[in-house]
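Okay, structure first, notes after.
Indexing begins at 1, ligand by ligand and atom by atom, following the structure's order. What you see is a predicted model; the values in this text were computed from it and never measured.
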Amino acid sequence: MNILAIESSCDETSASVVSNGTKVKSVIISSQTDIHAKFFGVVPELASRAHIKNINPVIAKALEEAGISFGNFDKKIDAIAFTSGPGLAGALLVGAVAAKTLASVLKKPLIPVNHLEGHLYSSFIENKSVKPPFLGMIISGGHTELIIVEDFGKYKFLGGTRDDAAGEAFDKAAKMLGLSYPGGPIIDKRAEKGNDKAVNFTRPYLKGSWDFSFSGIKTALLNYLKANPVKNEKHLNDICASFRAAVAETLCFKAFEAAKEFDLKRISMGGGVCANSLIRKMFYQEGKKNKIKVYIPSMLYCTDNAAMIGCAAYLKQKTSGLKYTRAQLKSVPSLRLESW
Ligand code: KG4
Ligand code: ZN
């Protein structure tokens with residue numbers, strides 16, 4: 001089954017043609033980082049406008065790279081998937097309208113996909129051995145969630161962040177340090193050259209709960225910087241390394257505690273923060289030590305992309321079929337993860 005998938009929930013306009021859930025024939029991503037960088041965060045209205053400008057060229061390029069034209073679309077595409085939520089209202093609407101227009105003109109079924117399900121199943125694209133049950137960990141600019149995936153589309157939500165998402169914490173820390181946006185990759189790069197023992201940030205383990213909280217580390221960084229302004233490059237790298245270690249150890253500790261508690265032998269991760277080099281290393285090492293298989297997508301599929309939406313859509317229609325109600329096809333900015 002060939003699916004044309006569209007993702008536009010935040011600041012990436014993306015389209016992809018995915019065959020049988022895992023064979024990615026094309027994936028085009030147009031990032032808006034440059035537009036939002038000067039504001040140190042995504043500006044919803046600017047995101048919507050950029051999606052409007054980019055959506056048609058992105059879809060056209062994804063189709064072209066997959067060898068599809070409007071002449072052979074009918075034969076080559078079986079369904080159109082789009083991110084129905086959660087995300088920015090205006091941004092979601094642009095992808096939804098594009099998907100619905102194509103589906104209506106070309107008479108194809110639509111598959112609405114929850115963005116979090118895209119991240120949850122993103123590791124499936126490159127790994128044949130990952131399958132439920134597993135512990136899903138989503139760590140991105142907007143989310144930090146621990147979810148038990150009991151089966152395809154059958155979820156048990158364990159916990160999420162009480163304040164900042166992991167990526168948001170990196171982005172805000174970078175701003176405090178005078179670095180640019182998005183801060184996660186910049187802190188990561190500097191941390192590689194720094195000493196992670198230089199500053200002792202308390203790890204917010206929140207024992208007894210599966211929730212996360214990163215506002216404390218952020219405040220600790222602010223207080224540290226007030227008392228110890230950045231002296232030089234080495235000092236800056238040391239602070240980055242110490243901050244990154246605190247976030248990585250917290251995420252890793254909680255994920256493995258949950259996997260052991262619920263006797264899950266697989267952890268599958270998704271979201272932009274999975275691109276972090278220490279987080280990748282730590283999770284793989286801890287996985288080996290605990291005999292828990294860890295699946296992390298390659299960089300391309302960590303951050304927002306439409307291939308993961310195509311993958312999740314394929315899995316979803318296998319369980320739920322191809323008929324969705326009008327309500328299910330609506331864009332819902334606060335869409336919650338619910339069992340299929
Ligand atoms: O999944 P994503 O592209 O968008 C959302 O759905 O939010 O994630 C973007 C987030 C940003 O906060 C960015 O700083 C973070 O992922 N990020 C990283 C790294 N690369 C991206 N955080 C830490 N280390 C990285 N290498
Ligand atoms: Zn995302």
Side-chain angles (χ1 to χ4, degrees), residues 5-14 27 29-33 36-37 39-44 47 51 82-88 91-92 95 113-123 136-145 147 160-161 164-177 179-192 194 196 212 214 217-218 240-241 243-252 269-283 296-309 311-312 333 335 337:
I6 297 168
E7 155 65 36
S8 69
S9 64
C10 191
D11 59 341
E12 261 99 29
T13 318
S14 180
V27 55
I29 303 167
S30 168
S31 175
Q32 304 173 8
T33 302
H36 303 289
F39 304 101
F40 285 92
V42 178
V43 182
H51 282 304
F82 69 100
T83 304
S84 56
L88 302 170
L92 286 167
V113 175
N114 185 307
H115 183 78
L116 299 181
E117 282 173 344
H119 282 307
L120 267 184
Y121 298 114
S122 56
S123 68
M137 179 173 227
I138 303 170
I139 42 176
S140 71
H143 298 275
T144 307
E145 328 263 357
I147 298 151
T161 184
D164 291 337
E168 202 179 351
F170 274 114
D171 295 340
K172 288 180 177 168
K175 190 177 176 196
M176 288 181 211
L177 291 164
L179 302 170
S180 48
Y181 175 86
I186 299 164
I187 289 184
D188 193 15
K189 205 165 156 203
R190 283 191 169 270
E192 289 293 295
D196 66 358
F212 295 88
F214 293 107
I217 311 185
K218 219 178 53 190
C240 287
F243 186 85
R244 180 182 72 163
V247 174
E249 277 175 29
T250 304
L251 293 169
C252 197
M269 302 174 67
V273 180
C274 296
N276 188 275
S277 40
L278 179 66
I279 291 173
R280 297 176 86 89
K281 202 160 87 190
M282 219 179 243
F283 269 79
I296 311 178
S298 60
M299 303 295 187
L300 174 65
Y301 301 124
C302 283
T303 45
D304 290 350
N305 67 88
M308 68 181 193
I309 301 302
C311 176
L335 189 66
L337 193 66

Where ligand 1 meets [X] - atom numbers and elements under 4.0 angstrom, heavy-atom basis:
{"X": "T303", "value": "1 (O), 3 (O)"}
{"X": "F170", "value": "22 (N), 23 (C)"}
{"X": "H115", "value": "6 (O)"}
{"X": "S140", "value": "1 (O), 5 (C), 6 (O), 7 (O), 8 (O)"}

(request) Closest by any non-hydrogen atom to atom 18 (C) of ligand 1: pick that one out of P182, G184, A166. (result) G184

Ligand 1 and [X], any nitrogen or oxygen pair closer than 3.5 angstrom?
{"X": "G167", "answer": "yes"}
{"X": "N276", "answer": "yes"}
{"X": "D304", "answer": "yes"}

(request) Given side chain to side chain contact (heavy atoms under 4.5 Å, CB included), test L278 with E249 step by step and report yes or no. (result) CA-CA 9 Å; L278 179 66; E249 277 175 29; over 6 Å; no

(request) Work out whether the distance between some heavy atom of K189 and some atom of ligand 1 is less than 4.0 Å. (result) no

(request) State if G142 counts as touching ligand 1 under the rule of any non-hydrogen atom under 4.0 Å. (result)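 Contact present.
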
Under a 3.5 Å threshold, yes or no: a donor from one side chain and an acceptor from the other, between [X] and [Y]?
{"X": "Q32", "Y": "S30", "result": "no"}
{"X": "H51", "Y": "S8", "result": "no"}
{"X": "E192", "Y": "S277", "result": "yes"}

Can you find a pair of side-chain heavy atoms, one from [X] and one from [Y], that are under 4.5 Å apart?
{"X": "I279", "Y": "D188", "value": "no"}
{"X": "F40", "Y": "D171", "value": "no"}
{"X": "P86", "Y": "H143", "value": "yes"}
{"X": "D304", "Y": "H115", "value": "yes"}

(message) Using salt bridge (charged side-chain N to carboxylate O under 4.0 Å, His left out), reason through R244 and D196 one step at a time and then give a plain yes or no.
(response) CA-CA 8 Å; R244 180 182 72 163; D196 66 358; over 6 Å; no

Tell me the protein heavy atom at minimum distance from [atom], and give that distance in Å.
{"atom": "atom 13 (C) of ligand 1", "value": "D171 OD1, 3.8 Å"}
{"atom": "atom 10 (C) of ligand 1", "value": "G141 N, 3.5 Å"}
{"atom": "atom 26 (N) of ligand 1", "value": "D188 OD2, 3.1 Å"}
{"atom": "atom 17 (N) of ligand 1", "value": "G272 O, 3.6 Å"}

(message) Under the rule for salt bridge (charged side-chain N to carboxylate O under 4.0 Å, His left out), what residues qualify as partners of K218, not counting sequence neighbours?
(response) D164

(request) Measure the acute angle between the ring planes of F214 and F212, then classify it against the limits of 30° and 60° as parallel, tilted or perpendicular. (result) parallel

(request) Show all protein N/O/S atoms under 2.8 Å from the Zn ion (ligand 2), or state that there are none. (result) H115 NE2, H119 NE2, D304 OD1

(message) Go through it in stages, so that I can follow the logic: the residues are F39 and Y181, the test is side chain to side chain contact (heavy atoms under 4.5 Å, CB included), and I'd like the CA-CA distance, side-chain angles, deciding distance and then a yes or no.
(response) CA-CA 8 Å; F39 304 101; Y181 175 86; over 6 Å; no

(request) Quick one: do L179 and C240 satisfy side chain to side chain contact (heavy atoms under 4.5 Å, CB included)? Show the steps, please. (result) CA-CA 11 Å; L179 302 170; C240 287; 4.1 Å; yes

(request) Tell me which part of H143 gets within contact of ligand 1: side chain, backbone, both or neither, using heavy atoms under 4.0 Å. (result) neither

(message) Can you tell me which portion of H119 lies within the under-4.0 Å heavy-atom range of ligand 1? Options are side chain, backbone, both, or neither.
(response) side chain

